[in-house]
Amino acid sequence: MPELPEVESVVRSLRDGKPSLIGLRIRSLDLVWPGVVSQSPPGFDLARLAGYCCSSIARLGKYLFFSLDCAGEETYVLVVHLRMTGRLFLVPDSAAIERHTRMALFLEHGLALRFDDPRKFGRIWLTVDPASITDGMGPDALNVAEDEFIARLEGGRRQLKPLLLDQSFVAGIGNIYADESLNRAGLHPLMNSGDLLPDERQRLHAAIRSVLNEAVAAGGANIDGVFKAGNFVVNVYGREGAPCRVCGTPISKIRVGQRGTHFCGHCQPLR
DNA sequence: CACTCTACCTGTGCGC
DNA sequence: TGCGCACAGGTAGAGT
């Protein structure tokens, strides 16, 4: 389940890995499942990308941005959201299209960029105006400054769990890191943002930053037996009934806003 | 404004 | 063994 740290790992691997996507020219495209292309905004034909070259890769929240340049032409941006199960990776261009392959971009030097996604939730956009797609999103959760974070908290009264999942509040936190951040901050997921004390607001900001930074450094999360992107060890997510790694209390699981929500009843008391 | 529900998907794992 | 079903979850959009 790619969230901010897993998406950041994709950026780093495609940008800094060997081989790197940067500088590779697109030869052709295979849109295996056309539904992967979001219809809004409409009107761009992906086949036009032949001859374009990826000049940079960026990320905001869980969105990926590939700048595509071609001499004398307007810059296009290929925007990708992996949603639940999407994967983006380089393969030899001879690699077979697999059951869950939704798109393949064939590149120079015998390579191809593949987008595979079993659940068909992931989406791509082609646009000259990427800001129009991420319009309304909050600041990136990894980079948001404490004063801005606290100013945003002071705006309303909401349960902490749904608030952290709201991409217009801060961008990049999903179900795993929402639970992990609240756990580290020692805050119950049902607490109301409007009731936080000043030091609790600071703790929440610091917890989000440290959890996400550690997860990025670890290359993503490692959820026992379910999913492994990297080596970040979770304390609460998916650990119902297992002992809290801090105090040994069995981890609780409740539903909040239709979402499985995990917390330690001892470390995260409800006020 | 805050919230709830539904739709979109399919692989997994459970109970029977 | 096989079947049916709940479940996982990010986001948009509609409804309360």
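Values reported hereafter were calculated over all heavy atoms of this structure, with side chains retained and with hydrogens, waters and symmetry mates removed. Note on naming: letters A, B, ... go to the chains in the order of the sequence lines (proteins, then strands), and numbering restarts at 1 for each one.
When distances are taken from the side chain of A:R255 to each of C:dA8, C:dG10, C:dT11, the shortest belongs to C:dA8. The listed nucleotides are C:dT11, C:dG9, C:dA8; the one nearest the side chain of A:N175 is C:dG9. In this structure, of B:dC5, C:dG10, B:dT10, it is B:dT10 that holds the atom nearest to the side chain of A:R119. Residue A:F121 places its side chain closer to B:dC8 than to any other of B:dT4, C:dT11, B:dC8.
You won't find any donor-acceptor pair under 3.5 Å spanning the side chain of A:R157 and the base of B:dA2, going by distance alone.
Relative ring orientation between A:Y76 and A:Y52 is described as perpendicular, the plane-to-plane angle rising above 60° on a 0-90° scale split at 30° and 60°. In this pair, A:F232 and A:Y177 present their aromatic rings tilted. The plane angle is within the 30 to 60° band.
Atom NZ in A:K120 sits roughly 8 Å away from atom C1' in B:dC9 (whole-Å rounding). Atom CG in A:L82 sits about 11 Å away from atom C1' in C:dG10, given to the nearest Å. One can place CG of A:D135 at 14 Å from C1' of C:dA12, the figure rounded to the nearest angstrom. Rounded to whole angstrom, the span from the CG atom of A:L165 across to the C1' atom of B:dA2 amounts to 15 Å.
Residue A:G260 is in sugar-phosphate contact alone, with no base atom involved, counting any heavy-atom pair closer than 4.0 Å across all strands shown. Across all strands shown, A:K253 has heavy atoms under 4.0 Å from sugar-phosphate atoms exclusively, and none from any base. Counting non-hydrogen atoms under 4.0 angstrom, A:R158 reaches the backbone sugars and phosphates but no base.
Listed pair A:H81 / C:dT11 meets the phosphate criterion, a side-chain N or O lying under 4.0 Å from OP1 or OP2. An OP1 or OP2 oxygen of C:dT11 is reached within less than 4.0 angstrom by a side-chain nitrogen or oxygen of A:Q167. Applying the 4.0 Å criterion to OP1 and OP2 of C:dG9, one finds that A:Y177 has every side-chain N and O outside that range. For B:dG11, the OP1/OP2 oxygens have a side-chain nitrogen or oxygen of A:H100 closer than 4.0 Å. An OP1 or OP2 oxygen of B:dG11 is reached within less than 4.0 angstrom by a side-chain nitrogen or oxygen of A:R99.
Note on A:R201 versus A:E154: salt bridge recorded, some NZ/NE/NH1/NH2 to OD/OE distance being below 4.0 Å. One finds a salt bridge joining A:E200 and A:R271 here, because a Lys/Arg side-chain nitrogen approaches an Asp/Glu carboxylate oxygen to under 4.0 Å.
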